[in-house]
Amino acid sequence: GGAGSGGGGEGDGSTAGLLPSKVTLSSPKPTYLSSVCGAESLKTPDGFDECSEVCRPSRCCHPDLYGCELDDGQRWCNAYEAPCAGVAESWRGSGHAVASSTPETVPGSGGTGKETIKTMANEVMLKCNAAEINPPTPCIEACNPGVCCYVSDSYPPIEQLFEQYYGHNASPFHTTSSCAQNIGFCQQFGSCEHLNHMKDTSGWDDDDVTYELDIANVCKAEYIAQFGALECSNVCQPA
């Protein structure tokens with residue numbers, strides 16, 4: 001299976017357990033949120049989990065979605081909105097790739113203007129959608145931090161592409177343990193599923209390798225019945 005196909009648990013980005021009905025959202029320390037939830041932090045499962053834990057009370061800024069409220073109103077919600085955007089979707093627990101190909105904007109942390117949300121999932125999707133994946137090099141580079149989501153004993157096509165790009169000995173697949181059980185983290189790299197469905201269309205005498213995206217099989221009813229709909233969802237959502 002693809003990213004996020006493992007089971008849930010403490011490290012799945014959902015951060016186990018329901019929040020109380022009334023929650024206190026503290027004033028964020030200056031630069032702390034942008035650091036703990038920054039792009040470099042979200043490239044690792046531990047960093048993702050730390051950001052999710054810090055941001056978790058801010059889900060109560062959306063009481064209709066999560067069934068909890070803040071005991072001091074919405075005072076600090078804007079300050080959490082953009083930094084926490086990278087982990088917010090994982091709270092719904094679907095495991096499916098979730099991101100908009102067009103970055104969203106939220107009210108600025110100072111209460112004025114607009115702030116653009118650039119999440120890891122957005123960045124991966126911009127490089128791994130059907131229109132941009134041939135050649136697959138930018139997608140491979142964008143998916144590098146999420147290799148642990150795709151580590152498998154079955155030598156999937158994504159691993160073969162990484163070996164062709166980085167070289168057999170330098171491929172990160174050989175030095176990375178699986179983190180597929182961390183559904184929240186791997187959800188960011190759901191669009192990397194495209195790399196499992198690239199077909200080599202170059203001729204035997206061609207100097208350059210060319211690829212074609214072939215997702216017909218993964219979305220057939222019989223495939224979904226056997227393996228579930230996650231892979232089909234991940235290749236179709238950003239297509």
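What you see below is based on every heavy atom in this structure, not just the backbone, and it leaves out hydrogens, waters and symmetry mates. It should be emphasised that the depicted structure is a prediction, and the values quoted were computed from it without experimental measurement.
A donor-acceptor contact closer than 3.5 angstrom links the side chains of Asn122 and Thr119.
With rounding to the nearest 0.5 Å, the separation of NE2 in His197 from CD in Glu193 is 4.0 Å. Between Ile183 atom CD1 and Gln188 atom CD the span is 13.5 Å, to the nearest 0.5 Å. To the nearest 0.5 angstrom, Glu69 atom CD is 11.5 Å from Cys61 atom SG. One finds the CG atom of Leu161 at 13.0 Å from the NE2 atom of His194 (value rounded to the nearest 0.5 Å). Once rounded to the nearest 0.5 Å, the distance linking SG of Cys179 with CZ of Phe185 reads 5.0 Å. In this structure, the separation between CD on Glu159 and CG on Leu195 is 12.5 Å, given to the nearest 0.5 Å.
Residue pairs meeting the side chain to side chain donor-acceptor pair (under 3.5 Å) criterion with at least one partner in residues 171-180, sequence neighbours excluded, are Glu163-His174. For residues 126-146, there are no salt bridge (charged side-chain N to carboxylate O under 4.0 Å, His left out) pairs, not counting sequence neighbours.
Residues satisfying the side chain to side chain donor-acceptor pair (under 3.5 Å) test with Asp46, not counting sequence neighbours, are none. In this structure, the side chain to side chain contact (heavy atoms under 4.5 Å, CB included) partners of Pro145, at least two apart in sequence or on a different chain, are Lys43, Phe189. By the ring pair (Phe, Tyr, Trp, His ring centres under 6.0 Å) test, Tyr80 pairs with no residue at all, sequence neighbours left out. Here Ser41 pairs with nothing under the side chain to side chain contact (heavy atoms under 4.5 Å, CB included) rule; sequence neighbours left out. The side chain to side chain donor-acceptor pair (under 3.5 Å) check on Gln74 picks up nothing, with sequence neighbours excluded. With sequence neighbours excluded, no residue satisfies side chain to side chain donor-acceptor pair (under 3.5 Å) with Ser34.
Checked against the 2.5 Å cut-off, the SG-SG distance between Cys55 and Cys84 falls under it. The sulfur atoms (SG) of Cys148 and Cys186 lie 2.5 Å or more from each other. Disulfide status for Cys37 with Cys51: present, SG atoms under 2.5 Å apart.
The heavy-atom pair separating Ile158 from Phe173 by the smallest distance is CG2-CZ, 3.9 Å. Annotation for Val87 and Phe48: closest pair CG1-CE1, 3.6 Å, computed over non-hydrogen atoms. In this structure, Leu42 and Gly86 approach most closely via the heavy-atom pair CD1-CA, 4.2 Å. Here the shortest heavy-atom pairing between Ser154 and Ser152 reads OG-OG, 2.7 Å. In this structure, Leu33 and Ala79 approach most closely via the heavy-atom pair CD1-O, 3.7 Å. Of all heavy-atom pairs spanning Gly190 and Tyr150, the tightest one is O-OH, 3.5 Å.
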Item to check | Phe162 vs Cys143, side chain to side chain contact (heavy atoms under 4.5 Å, CB included): CA-CA, chis, key distance, verdict | outcome: CA-CA 10 Å; Phe162 266 71; Cys143 292; 4.2 Å; yes

Next on the checklist: Using disulfide (SG to SG under 2.5 Å), reason through Cys192 and Cys139 one step at a time and then give a plain yes or no.
Outcome noted: CA-CA 7 Å; Cys192 301; Cys139 179; 5.3 Å; no

Next on the checklist: Does Met125 form a side chain to side chain contact (heavy atoms under 4.5 Å, CB included) with Met120? I'd like the steps, not just the answer.
Outcome noted: CA-CA 9 Å; Met125 188 173 289; Met120 178 65 65; over 6 Å; no

Next on the checklist: With side chain to side chain contact (heavy atoms under 4.5 Å, CB included) as the criterion, how do Leu126 and Ser191 come out once you've worked through the C-alpha distance, each side chain's angles and the decisive distance to 0.1 Å?
Outcome noted: CA-CA 9 Å; Leu126 288 171; Ser191 302; over 6 Å; no

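Using a 4.5 Å cut-off on side-chain heavy atoms (C-beta onward), Tyr66 and Cys60 make no contact. A heavy-atom distance below 4.5 Å is found between the side chains of Leu70 and Cys77.
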For residues 24-32, tabulate all N or O donor-acceptor pairs below 3.5 Å that involve a side-chain atom, not counting sequence neighbours.
unit_1, atom_1, unit_2, atom_2, d
Thr24, OG1, Asp71, OD1, 3.3
Thr24, OG1, Asp71, OD2, 2.6

